[in-house]
Trainee: 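Please find one structure pasted underneath; my questions will follow.
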There are 2 protein chains.
Amino acid sequence: MFAIGKASELSGVNIETIRYYEREGIVAKPDRSAAGRRLYTRDGIAKLRFVKRCRDLGFPIAIIQVFQTLTGEQSRSCTEVKSLAEDHLIEIDTKIKNLVILRRALQSLSRNCDEGAANCPMLDALMSDGPSEDMG
Amino acid sequence: MFAIGKASELSGVNIETIRYYEREGIVAKPDRSAAGRRLYTRDGIAKLRFVKRCRDLGFPIAIIQVFQTLTGEQSRSCTEVKSLAEDHLIEIDTKIKNLVILRRALQSLSRNCDEGAANCPMLDALMSDGPSEDMG
DNA sequence: CTTGCTCCTGTAGTGGCTACAGGAAGTAAA
DNA sequence: TTTACTTCCTGTAGCCACTACAGGAGCAAG
């Protein structure tokens, strides 16, 4: 059995975050010592690590909870996992695409900025009266 | 003079968000009608639009406030704007890079998932005991 | 005069943490 | 044993940039 500090070290999850996950029901409540301290099993730590890896992949907590209910199940679960992963891939692609567009917009705005310009062309463009609905 | 609904329509900023910007001091307080309703000038609406465009480019509020103080100034401002924009470009590039890495990781994890697999290879991999610090 | 729209203030919720304050318990050296 | 240091506890508030809602008031058209 491991105290929360060790569990944090072994799982890579911040201590405060572990307590947050417990509060929110994202991981099970661990046993407690006589003095009320949390005691984690290897299995509990594995679950924390699982949550961390999913978070690192960008999955929201709600999806991770679905993953956790699916781990108990049989063959159907793999199909569902794949489908959730593919949805997430699409979201990632969308984010990348939007960032690339944004990158281009920002670059073209700042390209004309040069030391000593009377007015900043970038601020001028952002201040001007044109359309405003089409960037985000 | 325009009521808040019209100002929202013309600037593209949500009504609640306009009030939020005012509360937080991101835009100036507008005049009020006799009955206490906000009345926006064209200039006030232009400022809302400016904030929106900056937000759409991903600039945080704090930077937008810097932009606003810089618009009054002379030639030095353009250099500073360019520098802030370039910092932001670097941040965008970092985000894109991380998303691409993440995309690859997720794709390789889900590739082995197939209908009817006994255990889901993706969940198995995420559950396993390997290292956990190196993904995010 | 009623209906329906817009507007007002104030507060709380979102996601996913993170950072305290103020205390108790454990550990190790002097 | 005392002291000092570290870890742990609960509870609450803060972060960012909004968004939503309750409960009410004003205003314009039919």
Side-chain angles (χ1 to χ4, degrees), chain A residues 1-27 29-40 44-45 47-68 88 91 95 98 102 135-136, chain B residues 1-27 29-40 44-45 47-68 88 91 95 98 102 135-136:
Chain A
M1 303 290 256
F2 306 90
I4 197 169
K6 197 71 189 170
S8 168
E9 188 190 318
L10 292 173
S11 65
V13 181
N14 187 301
I15 291 178
E16 308 267 21
T17 307
I18 293 176
R19 289 198 277 250
Y20 164 75
Y21 285 165
E22 182 186 329
R23 273 201 306 280
E24 299 297 304
I26 295 151
V27 298
K29 286 176 198 254
D31 289 341
R32 297 287 184 126
S33 74
R37 296 188 171 198
R38 291 170 180 81
L39 292 175
Y40 292 87
I45 291 166
K47 259 154 200 159
L48 287 169
R49 198 170 39 226
F50 172 76
V51 173
K52 170 151 179 60
R53 284 175 181 165
C54 292
R55 291 291 303 127
D56 285 346
L57 286 169
F59 285 106
I61 296 292
I63 296 296
I64 298 172
Q65 284 174 313
V66 174
F67 283 164
Q68 284 181 328
H88 187 45
E91 269 179 52
K95 272 189 195 167
N98 286 336
L102 202 139
M135 290 193 325
Chain B
M1 302 289 254
F2 306 89
I4 196 168
K6 197 73 189 166
S8 167
E9 189 191 318
L10 292 173
S11 66
V13 181
N14 187 303
I15 290 177
E16 309 266 23
T17 306
I18 293 176
R19 289 198 277 248
Y20 164 75
Y21 286 165
E22 182 187 328
R23 270 201 308 281
E24 300 297 306
I26 296 151
V27 298
K29 285 174 199 258
D31 288 343
R32 298 287 184 127
S33 75
R37 299 191 168 196
R38 290 171 181 80
L39 292 175
Y40 293 87
I45 291 167
K47 261 157 197 155
L48 287 169
R49 199 171 39 228
F50 172 75
V51 173
K52 169 150 178 61
R53 284 174 181 166
C54 291
R55 292 290 304 127
D56 285 347
L57 286 170
F59 284 106
I61 296 293
I63 297 295
I64 298 171
Q65 285 174 311
V66 174
F67 283 162
Q68 284 180 328
H88 187 46
E91 268 178 53
K95 273 189 195 167
N98 287 334
L102 201 140
M135 287 189 327

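Worth saying up front: this structure is predicted, and the values here are computed from it rather than measured. Naming convention: chains lettered A, B, ... in sequence-line order (proteins, then strands); numbering from 1 in each chain.
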Trainee: Which nucleotide sits closest to the side chain of Ala35(A): dC9(D), dC7(C), dA25(C)?
Mentor: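 So the nucleotide nearest the side chain must be dA25(C).
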Trainee: Expressed in angstrom and rounded to an integer, what is the separation of Leu57(A) atom CG from dG16(C) atom C1'?
Mentor: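 For the pair Leu57(A) CG and dG16(C) C1', the rounded distance is 16 Å.
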Trainee: In whole angstrom, what separates Leu39(B)'s CG from dT6(C)'s C1'?
Mentor: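 Answer to the nearest Å: 13 Å.
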Trainee: Please check the phosphate of dT10(D) (OP1 and OP2 only) for any side-chain N or O of Arg19(A) closer than 4.0 Å.
Mentor: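 So the side chain of Arg19(A) is outside the cut-off, no N or O lying under 4.0 Å from OP1 or OP2 of dT10(D).
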Trainee: Select base, sugar-phosphate, or nothing to describe what Tyr21(A) touches, counting heavy atoms under 4.0 Å on all strands.
Mentor: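 Here Tyr21(A) touches the backbone only, sparing every base.
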Trainee: Taking all atoms of both residues into account, what is the closest heavy-atom pair of Arg49(A) and Leu10(A), and its distance?
Mentor: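 The answer is NH1-O, 3.9 Å.
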Trainee: Determine yes or no for a side-chain-to-main-chain donor-acceptor pair under 3.5 angstrom, with Arg53(B) supplying the side chain and Leu57(B) the backbone.
Mentor: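 Not at all, since once roles are kept as given, no pair shorter than 3.5 Å links the two residues.
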Trainee: Ile4(B) CD1 to dC27(D) C1': how many Å, rounded?
Mentor: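 Result: 16 Å.
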Trainee: Think Arg38(A) has a side-chain N or O under 4.0 angstrom from the OP1 or OP2 of dC9(D)?
Mentor: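 Checking dC9(D) against Arg38(A), a side-chain N or O does come within under 4.0 Å of OP1 or OP2.
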Trainee: May I have the distance from Met1(A) (atom CE) to dG26(C) (atom C1'), rounded to whole angstrom?
Mentor: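 Going from Met1(A) (CE) to dG26(C) (C1'), I get 18 Å.
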Trainee: Measure the distance from CD on Glu9(A) to C1' on dT7(D) and round it to the nearest whole Å.
Mentor: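 Distance, rounded to whole Å: 13 Å.
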Trainee: Identify the two heavy atoms, one from Ile18(A) and one from Ala7(A), that lie closest to each other, and give their separation to 0.1 Å.
Mentor: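 Closest approach of Ile18(A) to Ala7(A): CD1-C, 4.2 Å.
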Trainee: Between Gly5(A) and Phe59(B), who's closer to the 5' end of DNA chain D by nearest nucleotide?
Mentor: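 Looking at the nearest nucleotide for each, Gly5(A) comes out on the 5' side.
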Trainee: So, OP1 or OP2 of dT9(C): does either fall under 4.0 Å of a side-chain N or O from Arg32(B)?
Mentor: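 Checking dT9(C) against Arg32(B), a side-chain N or O does come within under 4.0 Å of OP1 or OP2.
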Trainee: Check the distance between dT6(C)'s P and Ile15(B)'s CD1 and give it to me in whole angstrom.
Mentor: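 Computing the Ile15(B):CD1 to dT6(C):P distance gives 8 Å.
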Trainee: Could you pull out the closest heavy-atom pair between Leu39(B) and Arg32(B), with the gap in Å?
Mentor: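 Shortest heavy-atom separation between Leu39(B) and Arg32(B) comes out as CD1-C, 4.0 Å.
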Trainee: dG26(D), OP1 or OP2 - any side-chain N/O from Arg37(B) closer than 4.0 Å?
Mentor: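 It does not, given that no N or O in the side chain of Arg37(B) lies less than 4.0 Å from OP1 or OP2 of dG26(D).
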Trainee: Closer than 4.0 Å, any side-chain N/O of Thr17(B) to the OP1 or OP2 of dA17(D)?
Mentor: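 For Thr17(B), the contact criterion (side-chain N or O under 4.0 Å from OP1 or OP2 of dA17(D)) is not met.
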Trainee: Glu16(A) has an atom CD; how far is it from atom C1' of dC9(D), in whole Å?
Mentor: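 For the pair Glu16(A) CD and dC9(D) C1', the rounded distance is 11 Å.
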Trainee: Side chains of Asn14(B) and Tyr20(B): closer than 4.5 Å at any heavy-atom pair?
Mentor: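 When only atoms from C-beta onward are counted, Tyr20(B) and Asn14(B) do not touch, as no gap falls below 4.5 Å.
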Trainee: Quick test: give all pairs of protein nitrogen or oxygen and nucleotides 11-15 of chain C nitrogen or oxygen below 3.5 Å, distance rounded to 0.1 Å.
Mentor:
none

Trainee: Separation of Lys6(A) atom NZ from dC8(D) atom C1', in whole Å?
Mentor: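 That distance rounds to 16 Å.
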Trainee: If you take all heavy atoms of Arg38(A) and Glu22(A), which pair is closest and at what distance?
Mentor: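 For Arg38(A) versus Glu22(A), the nearest heavy atoms are NE-OE1, 2.6 Å.
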Trainee: If I compare all heavy atoms of Leu102(A) with all of Asp56(B), which pair ends up nearest, and what's the gap?
Mentor: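 In terms of heavy atoms, the two residues are closest at CD1-O, 3.3 Å.
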